[in-house]
Novice: 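Take a look at the following structure, please.
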Amino acid sequence: LKAAGGKVAFFFPANILKIQWRPNYRNHRKLVIIDEKVAYVGGLNVASEYEGRSTKFKGWRDTHLRLVGGCVEDVDARFLLDWRYASGEEFQGDDQDYKVLIPAGKIGVQIVSCGPDSPEEEIKRVYLKMINSAEKNIYVQTPYFIPDQSIFEALKTAALSGVDVRLMMPRNPDSRLLRLASGSYIKECLLAGIKVYFYEPTMLHSKLVLIDDEFVTTGSTNFDFRSFEHNFECNALIYSREFNKKMRAIFAADQRQCTRIILSHWRRRPLVTKAFESLARLLSPIL
């Protein structure tokens with residue numbers, strides 16, 4: 001890439017010759033901005049798994065958005081801030097580079113980012129606000145389900161209040177340890193009335209939350225401690241009945257490829273599996 005004239009910068013580069021004071025932090029954002037007119041936000045990585053070349057999975061199921069309009073400027077600004085930190089290079093531009101873009105549609109979009117450098121945990125607070133505001137349904141897709149106590153209690157409370165809460169995760173994620181940790185929460189979910197689905201075809205890497213008929217968010221944020229507290233993340237918040245309807249249809253199509261988990265069956269897991277799940281849960285804050 002450098003030989004072709006491109007630039008490369010590492011965010012928190014590893015160096016065995018130096019003490020790493022931030023080994024638990026990483027930039028988990030997946031952003032692409034083209035000509036300051038088009039932006040991509042979501043869960044896709046640049047990796048062989050997405051080309052079907054993984055020896056373990058036949059391609060990954062993921063969700064990514066193509067954005068145009070004024071929200072592109074916010075994605076671009078987020079990238080430039082990260083680039084300045086990683087490369088030390090100041091952005092050379094003028095006011096024309098940040099002109100207000102002409103709206104490309106009628107859908108409201110917000111770009112929200114967070115990280116360990118932000119004390120407010122913005123994306124987590126968005127999730128809490130929307131979950132607590134839900135009146136009809138909460139649909140969640142996540143590769144890993146390792147929520148902190150506030151998010152977990154909000155989801156259970158919503159289900160116990162009569163909201164249709166559905167949680168979808170992969171049957172076989174790419175990490176056995178994360179699978180065990182996620183499994184430790186499922187019994188409590190089922191007891192609270194949360195419907196749990198295991199996606200069967202392949203690795204489900206989508207990070208999607210649908211609330212009622214008007215709100216959708218997707219991006220790089222998983223439902224886990226690491227995304228909420230340790231990673232640098234970025235999500236798009238979309239306010240639209242039309243878009244919500246489209247994403248609901250995609251969720252329904254995925255659900256048809258899932259197995260719903262029943263409490264009586266889940267309780268029959270081997271004792272050794274339950275023991276390993278409990279041990280993995282102790283490590284949840286750092287997984």
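Just so you know, these numbers come straight off a predicted model, no measurement behind them.
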Novice: If I compare all heavy atoms of Val72 with all of Ala39, which pair ends up nearest, and what's the gap?
Specialist: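 That closest heavy-atom pairing would be CG2-N, 3.9 Å.
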
Novice: Looking at Arg29 and Glu233, does any basic side-chain N land under 4.0 Å from a carboxylate oxygen?
Specialist: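 Judged by the 4.0 Å cut-off on N to carboxylate O distance, Arg29 and Glu233 do not form a salt bridge.
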
Novice: Same cluster or not: are Leu263 and Ile194 linked, directly or through other Ile, Leu, Val, Met, Phe, Trp or Tyr residues, by side-chain heavy atoms under 4.5 angstrom apart?
Specialist: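 As far as the 4.5 Å side-chain criterion goes, Ile194 and Leu263 are connected within one cluster.
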
Novice: Just wondering, more than 12 heavy atoms not from Glu242 lying within 6.0 Å of its CD?
Specialist: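 Incorrect, the count does not exceed 12.
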
Novice: With rounding to the nearest 0.5 angstrom, report the CZ to CG distance, Phe243 to Leu210.
Specialist: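 So the gap between those two atoms works out to 8.5 Å.
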
Novice: Assess the residue pair Thr218 and Asn235 against the criterion (side chain to side chain contact (heavy atoms under 4.5 Å, CB included)); give the C-alpha distance rounded to whole Å, side-chain angles, the decisive distance to 0.1 Å, and a yes or no.
Specialist: CA-CA 6 Å; Thr218 190; Asn235 269 42; 5.6 Å; no

Novice: Do Ile186 and Ile262 share a hydrophobic cluster (ILVMFWY, side-chain heavy atoms under 4.5 Å, transitive)?
Specialist: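 Different clusters: Ile186 never reaches Ile262 through Ile, Leu, Val, Met, Phe, Trp or Tyr contacts under 4.5 Å.
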
Novice: Quick one: pull up OG in Ser184 and CD1 in Ile146 and give me the separation to the nearest 0.5 Å.
Specialist: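 Ser184 atom OG to Ile146 atom CD1 measures 7.5 Å (nearest 0.5 Å).
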
Novice: What orientation do Phe251 and Tyr139 show, parallel under 30°, tilted 30 to 60°, or perpendicular over 60°?
Specialist: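 It falls in the parallel class, under 30°.
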
Novice: If hydrophobic residues (ILVMFWY) are linked whenever their side-chain heavy atoms come closer than 4.5 Å, directly or via other members, who joins Val8 in its cluster?
Specialist: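 Its cluster partners, ordered by chain and number, are Leu1, Phe10.
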
Novice: Tell me, do Leu155 and Phe145 make a side-chain contact under 4.5 Å, heavy atoms counted?
Specialist: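 Yes, close enough: below the 4.5 Å cut-off.
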
Novice: Who are the side chain to side chain contact (heavy atoms under 4.5 Å, CB included) partners of Pro143, not counting sequence neighbours?
Specialist: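 Residues passing side chain to side chain contact (heavy atoms under 4.5 Å, CB included) with Pro143: Met203, His205, Lys207, Asn222.
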
Novice: Can you see whether Phe152 has Lys156 sitting over its ring - NZ or CZ less than 6.0 Å from the centre and within 45° of the normal?
Specialist: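 Yes, a cation-pi geometry holds between Lys156 and Phe152.
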
Novice: Could you tell me which non-hydrogen atom of Ala154 sits nearest to which non-hydrogen atom of Asn132, and how far apart they are?
Specialist: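 Answer, listing the atom of Ala154 first, then Asn132: CB-OD1, 3.7 Å.
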
Novice: Give the minimum heavy-atom separation between Cys71 and Ile111, together with the two atoms involved.
Specialist: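 Nearest pair, atom of Cys71 first, then Ile111: O-CG1, 3.8 Å.
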
Novice: Any luck finding a side-chain donor-acceptor pair between Gln141 and Ser206 under 3.5 Å?
Specialist: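 A pair is found: one side chain offers a donor N or O, the other an acceptor, under 3.5 Å apart.
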
Novice: Measure from the ring center of Phe11 to the ring center of Tyr25 and say whether it is less than 6.0 Å.
Specialist: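 Not close enough - the centres of the two rings lie 6.0 Å or further apart.
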
Novice: One pair to check against side chain to side chain contact (heavy atoms under 4.5 Å, CB included): Phe232 and His28. What are the steps and the verdict?
Specialist: CA-CA 6 Å; Phe232 295 85; His28 195 238; 6.0 Å; no

Novice: Look up atom CG in Leu167 and atom OG1 in Thr142, then write down how far apart they are to the nearest 0.5 Å.
Specialist: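 The OG1 atom of Thr142 is 7.5 Å from CG of Leu167, to the nearest 0.5 Å.
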
Novice: Could you note down all residue pairs passing salt bridge (Lys or Arg N to Asp or Glu O under 4.0 Å) where residues 166-186 supplies at least one of them, sequence neighbours left out?
Specialist: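 Those involving residues 166-186 are Asp164-Arg166, Arg171-Glu200.
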
Novice: List in chain and number order the residues that pass side chain to side chain contact (heavy atoms under 4.5 Å, CB included) with Leu160, two or more places apart in sequence or in another chain; answer none if no residue qualifies.
Specialist: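 Leu160 satisfies side chain to side chain contact (heavy atoms under 4.5 Å, CB included) with Ala192 once adjacent residues are dropped.
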
Novice: Looking only at heavy atoms, what is the nearest atom pair of Leu180 and Ala280, with distance?
Specialist: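 Shortest heavy-atom contact: CB-CB, 3.8 Å.
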
Novice: Going by heavy atoms in the side chains, are Leu178 and Pro173 under 4.5 Å from each other?
Specialist: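 They are not in contact (no side-chain heavy atoms under 4.5 Å apart), so the answer is no.
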
Novice: Has Leu282 got more than 12 heavy atoms of other residues, nucleotides or ligands less than 6.0 Å from its CG?
Specialist: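 Yes - once you tally the heavy atoms of other residues, nucleotides and ligands closer than 6.0 Å, there are more than 12.
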
Novice: Any side-chain heavy atom of Leu67 within less than 4.5 Å of one from Val38?
Specialist: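 A side-chain contact under 4.5 Å is absent here.
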
Novice: What residue among Arg241, Lys136, Lys245 forms salt bridge (charged side-chain N to carboxylate O under 4.0 Å, His left out) with Glu214?
Specialist: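 Testing each of Arg241, Lys136, Lys245 against Glu214, the sole residue satisfying salt bridge (charged side-chain N to carboxylate O under 4.0 Å, His left out) is Arg241.
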
Novice: Do Glu122 and Ser118 pair up side chain to side chain, a donor and an acceptor below 3.5 Å, judged on atom types alone?
Specialist: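 Yes, Ser118 and Glu122 have a side-chain donor paired with an acceptor closer than 3.5 Å.
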
Novice: Can you list the steps and then say if Phe228 with Thr221 is a side chain to side chain contact (heavy atoms under 4.5 Å, CB included)?
Specialist: CA-CA 7 Å; Phe228 292 143; Thr221 309; 3.9 Å; yes

Novice: Any side-chain heavy-atom pair from Val196 and Trp266 closer than 4.5 angstrom?
Specialist: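 With C-beta onward as the side chain, the pair stays apart.
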
Novice: Taking the basic N atoms (NZ, or NE/NH1/NH2) and the acidic carboxylate oxygens, is any pair closer than 4.0 Å for Glu188 and Arg281?
Specialist: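 Here Glu188 pairs with Arg281 in a salt bridge, since their nearest N and O are under 4.0 Å apart.
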
Novice: About how many Å separate CG of Asp148 and CZ of Phe223, when rounded to the nearest 0.5 Å?
Specialist: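 Going from the CZ atom of Phe223 to the CG atom of Asp148 covers 9.5 Å.
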
Novice: So do Met169 and Tyr144 actually touch side chain to side chain, heavy atoms under 4.5 Å?
Specialist: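 Of all side-chain heavy-atom pairs linking Met169 with Tyr144, none is under 4.5 Å.
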
Novice: Assess the residue pair Arg125 and Glu120 against the criterion (side chain to side chain contact (heavy atoms under 4.5 Å, CB included)); give the C-alpha distance rounded to whole Å, side-chain angles, the decisive distance to 0.1 Å, and a yes or no.
Specialist: CA-CA 8 Å; Arg125 292 194 179 198; Glu120 301 301 331; 3.3 Å; yes

Novice: Write out all pairs satisfying salt bridge (Lys or Arg N to Asp or Glu O under 4.0 Å) with one or both partners inside residues 61-72, taking only residues at least two apart or from two chains.
Specialist: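 Output for this query lists Arg61-Asp254.
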
Novice: Check each of Asp212, Val163, Asp213 against Glu135 using the side-chain contact (heavy atoms from CB on, under 4.5 Å) test, and report the only one that passes.
Specialist: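 It is Asp212, the one option of Asp212, Val163, Asp213 that forms the side-chain contact (heavy atoms from CB on, under 4.5 Å) with Glu135.
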
Novice: Can you hop from Leu208 to Ile250 via hydrophobic side chains spaced under 4.5 Å?
Specialist: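 Leu208 clusters together with Ile250.
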
Novice: Under a 4.5 Å cut-off applied to non-hydrogen side-chain atoms, are Ile211 and Asn137 in contact?
Specialist: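 A side-chain contact under 4.5 Å is absent here.
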
Novice: Apply side chain to side chain contact (heavy atoms under 4.5 Å, CB included) to Cys258 and list each qualifying residue two or more places apart in sequence or on a separate chain.
Specialist: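 Partners of Cys258 by the side chain to side chain contact (heavy atoms under 4.5 Å, CB included) criterion, ordered by chain and then number, come out as Met168, Tyr197, Tyr199.
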
Novice: How long is the span from the NZ atom in Lys37 to the CG atom in Asp76, to the nearest 0.5 Å?
Specialist: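 Taking NZ in Lys37 and CG in Asp76, the distance rounds to 13.0 Å.
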
Novice: Counting N and O atoms only, with roles assigned by atom type, does the side chain of Thr217 sit under 3.5 Å from a partner on the main chain of Ala236, one being a donor and the other an acceptor?
Specialist: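 Yes, because the side chain of Thr217 sits within donor-acceptor range (under 3.5 Å) of the backbone of Ala236.
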
Novice: Any donor and acceptor pair, going by atom type alone, linking the side chain of Ser227 with main-chain N or O of Asp224 inside 3.5 Å?
Specialist: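 Checking the backbone N and O of Asp224 against the side chain of Ser227, no donor-acceptor pair under 3.5 Å is found.
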
Novice: Can we call the ring centroids of Tyr85 and Phe12 under 6.0 Å apart?
Specialist: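 Centroid separation for Tyr85 and Phe12: below 6.0 Å.
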
Novice: Are any non-hydrogen side-chain atoms of Asn231 and Arg26 less than 4.5 angstrom apart?
Specialist: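 With C-beta onward as the side chain, the pair touches.
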
Novice: Check the surroundings of atom NZ in Lys195: do more than 12 heavy atoms from other residues, nucleotides or ligands lie under 6.0 Å from it?
Specialist: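 Result for NZ/Lys195: enclosed.
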
Novice: Heavy atoms, side chains only, cut-off 4.5 Å: are Cys114 and Lys124 in contact?
Specialist: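 No; the side chains remain at least 4.5 Å from each other.
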
Novice: Which atom names give the shortest non-hydrogen contact between Gly193 and Ala159, and what distance separates them?
Specialist: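 Distance-wise, the nearest heavy atoms are C-CB, 4.0 Å.
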
Novice: Could you check Glu90 against Arg84 for salt bridge (Lys or Arg N to Asp or Glu O under 4.0 Å), going step by step and ending with a plain yes or no?
Specialist: CA-CA 6 Å; Glu90 290 290 342; Arg84 182 177 66 179; 3.8 Å; yes

Novice: Strictly below 4.0 Å, N to O, side chains only: are Arg78 and Asp82 in salt-bridge contact?
Specialist: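 A salt bridge is present here (some side-chain N lies under 4.0 Å from a carboxylate O).
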
Novice: Which pair of non-hydrogen atoms, one from Gly219 and one from Val41, has the smallest distance, and what is that distance?
Specialist: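 Looking at all heavy atoms of both residues, the shortest contact is CA-CG1, 4.2 Å.
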
Novice: Distance alone, cut at 3.5 Å: any donor-acceptor contact between the side chains of Tyr239 and Gln110?
Specialist: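 The criterion, which ignores hydrogens and geometry beyond distance, is satisfied for Gln110 and Tyr239.
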
Novice: With the 4.5 Å side-chain cut-off for hydrophobic clustering, are Tyr185 and Phe276 part of the same group?
Specialist: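 Tyr185 does not cluster with Phe276.
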
Novice: To the nearest 0.5 Å, what is the distance between OG1 (Thr63) and CG (Leu44)?
Specialist: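 One finds 8.5 Å between OG1 of Thr63 and CG of Leu44.
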
Novice: Is there a path from Tyr40 to Leu81 through hydrophobic residues (I, L, V, M, F, W, Y) whose side chains come within less than 4.5 Å of each other?
Specialist: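 Per the 4.5 Å side-chain linkage, Tyr40 and Leu81 are not co-clustered.
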
